[in-house]
Amino acid sequence: MEKVIISNVNDAERKWDSNLDWGTFQSDPSSKDKHSFEFQRSTVSAPFSTGGKLEVYFYTIPPGKSNYPYHYHTANEEIFYITSGHGTLRTPEGEKNVFQGDVIIMPANENGAHKLINTSNAPLVYLEVKTATTPEICIQPDSEKTVVIAPPKFFGKTYKIDSDVNYLNGEYCSE
């Protein structure tokens, strides 16, 4: 980032992500994950637009919804600050109730696995600040999937962890 950025969340781009084509992010009926996914995200700062090393968003999750499946990052740390509402945070240590004023810090490893669910009757709003290291590999333990995210433009592909291809499969070697 080359300069100080001041952004008011009320002026930030708002996008309600309830009708996205979730594709591989769609909940599998046979999975442990029975919550539907819906959220509004306001982008305050994203590295693709600022050239910085942090991403900053405000999320609003409606009652009974979650924004992402249970997952952890291998390259990026995240911080959530709950500004209003309450919910349940699933972690490797079990479910924990989270409330307005709570700050949640997730390391970039399996100990940082998480899923935030709005279990209240009101919107759950939180500030997310995370590092923006790429490439990023995100693991979804319940569905045994991995998501690969890489620049230059947002490139995200999801794979089953147990799928494997020989390293040299399809490569041509001239003698």
Side-chain angles (χ1 to χ4, degrees), residues 9 15-18 20 22-47 52-150 154 156-163:
V9 71
K15 183 176 184 182
W16 192 259
D17 290 335
S18 60
L20 288 179
W22 281 91
T24 55
F25 291 98
Q26 184 65 40
S27 183
D28 179 348
S30 66
S31 78
K32 298 175 190 175
D33 201 344
K34 301 300 181 195
H35 296 94
S36 59
F37 304 100
E38 185 175 349
F39 62 92
Q40 182 182 55
R41 182 173 75 185
S42 300
T43 302
V44 177
S45 175
K53 296 178 182 174
L54 291 176
E55 294 180 49
V56 182
Y57 305 100
F58 273 91
Y59 277 89
T60 302
I61 303 174
K65 307 284 184 176
S66 180
N67 54 352
Y68 299 108
Y70 184 65
H71 68 284
Y72 65 89
H73 300 267
T74 61
N76 291 299
E77 298 175 339
E78 293 180 293
I79 299 172
F80 296 171
Y81 170 60
I82 309 295
T83 62
S84 65
H86 67 275
T88 301
L89 181 72
R90 180 177 166 206
T91 73
E93 297 171 355
E95 293 186 347
K96 302 175 186 301
N97 292 322
V98 293
F99 301 92
Q100 179 178 343
D102 285 347
V103 175
I104 305 156
I105 302 169
M106 278 91 38
N109 59 43
E110 63 277 356
N111 295 324
H114 61 280
K115 176 181 177 182
L116 186 57
I117 306 157
N118 183 347
T119 53
S120 75
N121 293 322
L124 177 112
V125 180
Y126 70 97
L127 171 71
E128 175 186 50
V129 177
K130 68 180 185 178
T131 55
T133 303
T134 57
E136 164 74 293
I137 297 176
C138 187
I139 306 295
Q140 297 173 336
D142 290 346
S143 58
E144 298 179 344
K145 291 186 293 198
T146 183
V147 181
V148 178
I149 302 166
F154 180 80
K157 292 287 186 179
T158 304
Y159 304 93
K160 290 295 282 181
I161 291 173
D162 63 359
S163 65

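Starting from 1, each residue takes its place in the sequence as its number. Quick caveat, the model's predicted, so the values are computed rather than measured.
Here Ser120 pairs with Asn118 under the side chain to side chain donor-acceptor pair (under 3.5 Å) rule; sequence neighbours left out.
The backbone N or O of Ser66 sits nowhere less than 3.5 Å from a side-chain atom of Glu38 that would complete a donor-acceptor pair. Judged by distance alone, the side chain of Lys160 and the main-chain N or O of Ser143 form a donor-acceptor pair under 3.5 Å. With hydrogens and angles ignored, the 3.5 Å screen pairs no side-chain donor or acceptor of Glu144 with any backbone N or O of Ile161. Using modelled atom types, no side-chain atom of Thr131 and backbone atom of Thr133 make a donor-acceptor pair closer than 3.5 Å.
Counting only heavy atoms from C-beta outward, the side chains of Val147 and Gln140 approach each other to under 4.5 Å. Counting heavy atoms from C-beta on, the side chains of Leu116 and Glu128 never come closer than 4.5 Å. Looking at heavy atoms from C-beta onward, Ile79 lies out of side-chain contact with Leu127 at the 4.5 angstrom threshold.
Here the closest non-hydrogen pair linking Leu124 and Gly85 is CD1-C, 4.0 Å. Heavy-atom minimum distance, Phe39 versus Tyr68: CZ-OH, 3.6 Å. Here the closest heavy-atom approach between residue Lys65 and residue Ser36 is recorded as NZ-OG, 2.8 Å. Shortest non-hydrogen contact noted between Gly112 and Tyr72 is C-CB, 4.0 Å. Listed here is the closest heavy atom pair of Glu110 and Pro92: O-CG, 3.4 Å. The two residues Ala108 and Ala75 come nearest to each other via the heavy atoms CB-C, 3.8 Å.
A distance of 5.5 Å separates OG1 in Thr146 from CD1 in Ile137, rounded to the nearest 0.5 Å. The NZ atom of Lys53 sits 11.5 Å away from atom OG1 of Thr134, with the distance rounded to the nearest 0.5 Å. Once rounded to the nearest 0.5 Å, the distance linking CZ of Phe37 with NZ of Lys115 reads 4.5 Å. Atom CG of Asn76 is separated from atom CD of Glu78 by 7.5 Å, given to the nearest 0.5 angstrom. Atom CD1 of Ile139 is separated from atom NE2 of His73 by 10.5 Å, given to the nearest 0.5 angstrom.
Taking the six-membered ring where tryptophan is involved, the planes of His114 and Phe80 are perpendicular, since the angle between them exceeds 60° and thus also 30°. Relative orientation of the Tyr59 and Tyr126 rings is parallel, given thresholds of 30° and 60° on the angle between their planes.
Exactly one residue among Ile117, Val103, Leu89, Thr119 makes a side-chain contact (heavy atoms from CB on, under 4.5 Å) with Val98. That residue is Leu89.
Enclosure of atom CG in Asn97 by more than 12 non-hydrogen atoms of other residues, nucleotides or ligands within 6.0 angstrom is indicated.
Pairs passing the ring-ring contact (aromatic ring centres under 6.0 Å, His included) check and including a residue from residues 94-113, sequence neighbours excluded, read His86-Phe99.
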One pair to check against side chain to side chain contact (heavy atoms under 4.5 Å, CB included): Glu136 and Thr74. What are the steps and the verdict? CA-CA 7 Å; Glu136 164 74 293; Thr74 61; 3.5 Å; yes
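Between Lys96 and Asp102 there is no salt bridge, since no side-chain N of the basic residue sits under 4.0 Å from a carboxylate O of the acidic one.
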